[in-house]
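To start, the structure itself, in structure tokens.
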Amino acid sequence: MAQVTGDGLSVHIVWDWNGTLLCDIGAVVEATNAAFDELGLPTITLERYRELYCVPVPRFYERLLGRAPTAEEWAVMDETFHRHYWRAAEGVPLEEGAAEMLAARQAAGHTQSLCSLAPHDRLLPLLRTHGIAERFVRVDGATGPTGGGRGGTQSLCSLAPHETHGIADGAGTVAAARQGRWSGT
């Protein structure tokens, strides 16, 4: 039986991907440090990353550098980060119990979607690799420019707030959702 709100409406869960369902914080920090290394910048610790991370992503780099990255620096950091991240992401596991929980929610009649700032075309194959793509009625990854750019639509817009709960690992994810930074099918 589906979970319902006080007024009898079914509750839909919108899940964040990175750091919520996917246990990828190590790959993220490793890729960030690889980008910094190519620019001759000092590495960052996991603690410092968690302290400063925000979206849009260039603002995170601004917080780290103490200034906005130049267009050239951003291009190098972004390309380098993604090159290292996607290589590492293939071996990154789901958070413990995530696959079982998603399956149990679906079996109980709950609906759920997934949102991510990860590129949509990279996200879908990764969900299939983990065997969870079919658990979601909708998957929205980022389209267009990287760094938290806006997409054309967002899954949260089509659902009334009293029908939807979002589960994410940070305030940046929620802010991105409110600003329409996801797009997909």
With sequence neighbours excluded, give me every side-chain hydrogen bond (donor to acceptor under 3.5 Å, both in side chains) pair touching residues 28-40. E38-T80, E38-R83
Just jot down the ring pair (Phe, Tyr, Trp, His ring centres under 6.0 Å) partners of F60, sequence neighbours excluded, or say none. Y49, Y53
Kindly write out the residues that satisfy side-chain hydrogen bond (donor to acceptor under 3.5 Å, both in side chains) with T70, not counting sequence neighbours, or none if the list is empty. E73
Gap between atom CD of Q112 and atom CD of Q106 - 0.5 Å precision: 6.5 Å
Considering all heavy atoms, the nearest C23-V92 contact: O-CG1, 2.9 Å
Step-by-step side chain to side chain contact (heavy atoms under 4.5 Å, CB included) determination, M77 to L39: CA-CA 8 Å; M77 285 188 275; L39 289 168; 3.0 Å; yes
If you take all heavy atoms of H120 and G141, which pair is closest and at what distance? ND1-N, 2.9 Å
Is L94 close to H130 at the side-chain level, that is, under 4.5 Å between some pair of heavy atoms? yes
Check whether any side-chain heavy atom of L117 lies under 4.5 Å from a side-chain heavy atom of N18, and answer yes or no. no
Side chain to side chain contact (heavy atoms under 4.5 Å, CB included) evaluation trace for L64 with I44: CA-CA 9 Å; L64 283 169; I44 184 172; 3.0 Å; yes
Whether H82 side chain and D78 backbone form a donor-acceptor pair below 3.5 Å: yes
Side-chain touch L21/D16, heavy atoms, less than 4.5 angstrom: no
Closest approach of E95 and G19, non-hydrogen atoms and distance? OE2-O, 4.0 Å
R50 vs E47, salt bridge (Lys or Arg N to Asp or Glu O under 4.0 Å): CA-CA, chis, key distance, verdict: CA-CA 5 Å; R50 286 185 169 149; E47 294 75 25; 6.0 Å; no
Side chain to side chain, I132 and W15, heavy atoms closer than 4.5 Å: no
Sequence neighbours excluded, the answer for side-chain hydrogen bond (donor to acceptor under 3.5 Å, both in side chains) partners of E90 is none
Could you check L123, L22, V139, T20 and say which one makes a side chain to side chain contact (heavy atoms under 4.5 Å, CB included) with S116? L123
Are the side chains of W17 and L126 in contact, using a 4.5 Å heavy-atom criterion? yes
Closest non-hydrogen contact found for A68 with E62 is N-CG, 3.5 Å
Can any side-chain N or O of R63 pair as donor or acceptor with the backbone N or O of L52 at less than 3.5 Å? yes
Measure from the side-chain N and O atoms of D140 to the backbone N and O of C115, and report whether any donor-acceptor pair falls under 3.5 Å. no
Set of ring pair (Phe, Tyr, Trp, His ring centres under 6.0 Å) partners for Y61, sequence neighbours left out: F36, W74
Can you confirm whether E51 is buried at CD, in the sense that more than 12 heavy atoms of other residues, nucleotides or ligands lie under 6.0 Å from that atom? yes
Before giving the answer on side chain to side chain contact (heavy atoms under 4.5 Å, CB included), spell out for R105 and T111 the whole-Å C-alpha distance, their side-chain angles and the decisive distance to 0.1 Å. CA-CA 8 Å; R105 282 192 47 77; T111 59; over 6 Å; no
N/O donor to acceptor pairs below 3.5 angstrom from side-chain atoms of residues 96-103, sequence neighbours left out:
none

